[in-house]
Amino acid sequence: VQLQASGGGLVQAGGSLRLSCAASGPTFSDSAIGWFRQAPGKDREFVAVIRRGFGGTSYDNSVRGRFTISRDNAKNTVALQMNSLKPDDTAVYFCAAKAGSFPLSYYWSRDNYDYWGQGTQVTVSS
């Protein structure tokens with residue numbers, strides 16, 4: 001699976017952005033897709049994940065209620081709608097894929113993903 005993240009940019013606090021992860025390869029529909037982010041000087045951290053098919057979703061507490069992850073299997077894309085953005089959301093955002101089906105908590109760890117896309121920068125100004 002090859003992944004391409006896009007949609008980042010500069011936005012004021014309280015604004016919205018929609019990130020997209022476009023995937024190619026035969027196993028997309030069989031893969032969970034996760035979003036992670038990495039701020040300068042910090043570790044890459046889990047943001048959200050959506051399981052394969054019509055599977056469940058999971059969010060980090062810091063974004064729950066503000067971010068929504070969704071997938072379009074026909075278009076091989078996963079979107080991350082980010083609302084009510086805060087300066088603390090500033091980071092490079094990455095999407096990642098893991099084939100198969102596991103408990104949602106499995107996907108919280110960046111070590112459990114097989115494929116990564118390049119990042120897209122999100123900057124939220126105060």
Side-chain angles (χ1 to χ4, degrees):
V1 178
Q2 292 183 321
L3 305 171
Q4 179 87 19
S6 62
L10 173 64
V11 64
Q12 289 188 330
S16 299
L17 281 174
R18 185 176 180 87
L19 305 184
S20 181
C21 179
S24 61
T27 60
F28 172 79
S29 62
D30 192 44
S31 297
I33 304 295
W35 283 96
F36 287 74
R37 65 186 180 186
Q38 187 166 17
K42 295 187 176 181
D43 290 335
R44 191 171 298 187
E45 64 179 14
F46 170 78
V47 175
V49 64
I50 187 165
R51 295 176 69 183
R52 66 181 183 179
F54 298 101
T57 59
S58 179
Y59 299 88
D60 183 75
N61 287 337
S62 65
V63 306
R64 187 175 292 114
R66 300 187 297 122
F67 292 10
T68 302
I69 190 171
S70 60
R71 69 189 296 158
D72 185 335
N73 289 327
K75 296 182 178 179
N76 278 16
T77 58
V78 169
L80 184 68
Q81 177 67 42
M82 306 187 297
N83 299 328
S84 302
L85 282 162
K86 306 174 181 179
D88 284 349
D89 295 319
T90 295
V92 179
Y93 283 69
F94 301 86
C95 58
K98 174 64 179 179
S101 183
F102 299 89
L104 281 170
S105 59
Y106 178 87
Y107 301 109
W108 297 347
S109 172
R110 64 186 181 186
D111 296 333
N112 292 337
Y113 288 81
D114 299 321
Y115 305 98
W116 288 84
Q118 93 297 348
T120 185
Q121 176 71 47
V122 171
T123 303
V124 184
S125 63
S126 57

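By the side-chain contact (heavy atoms from CB on, under 4.5 Å) test, V11 pairs with L17, L85, V124, sequence neighbours left out. With sequence neighbours left out, the side-chain contact (heavy atoms from CB on, under 4.5 Å) criterion links S29 to no other residue. With sequence neighbours excluded, no residue satisfies salt bridge (charged side-chain N to carboxylate O under 4.0 Å, His left out) with R64. Remark: R110 engages no residue in a side-chain hydrogen bond (donor to acceptor under 3.5 Å, both in side chains) (not counting sequence neighbours). Under the rule for a side-chain contact (heavy atoms from CB on, under 4.5 Å), the partners of A5 that lie at least two apart in sequence or sit in another chain are W35, C95, Q118, T120. The ring pair (Phe, Tyr, Trp, His ring centres under 6.0 Å) search around F94 returns none, not counting sequence neighbours. S16 pairs by the side-chain hydrogen bond (donor to acceptor under 3.5 Å, both in side chains) definition with N83, not counting sequence neighbours. Applying the side-chain hydrogen bond (donor to acceptor under 3.5 Å, both in side chains) criterion to D89, with sequence neighbours excluded, gives R37, R66. Every side-chain hydrogen bond (donor to acceptor under 3.5 Å, both in side chains) that R71 has, sequence neighbours left out, goes to N73. Under the salt bridge (charged side-chain N to carboxylate O under 4.0 Å, His left out) criterion, D60 pairs with no residue at all, not counting sequence neighbours.
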Under 3.5 Å, which donor-acceptor pairs do the side chains of residues 47-59 form with other protein atoms, sequence neighbours left out?
from : atom 1 : to   : atom 2 : distance (Å)
R51  : NE     : F102 : O      : 3.4
R51  : NH2    : S101 : OG     : 2.5
R51  : NH2    : F102 : O      : 3.4
R52  : NH1    : D30  : OD1    : 2.3
S58  : OG     : W108 : NE1    : 2.9
Y59  : OH     : I69  : N      : 2.9

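Rounding to the nearest 0.5 Å gives a distance of 14.0 Å between CZ of F28 and OH of Y115. Put simply, CG on D88 and OG on S126 are 10.5 Å apart, with the number rounded to the nearest 0.5 Å. A distance of 6.5 Å separates CZ in F36 from OG in S109, rounded to the nearest 0.5 Å. A distance of 4.0 Å separates NZ in K98 from OH in Y106, rounded to the nearest 0.5 Å.
The neighbour count for E45 CD, taken as heavy atoms of other residues, nucleotides or ligands under 6.0 Å away, is above 12.
Contacts classified as salt bridge (Lys or Arg N to Asp or Glu O under 4.0 Å) and involving residues 5-18 (residues at least two apart or in different chains) are not found.
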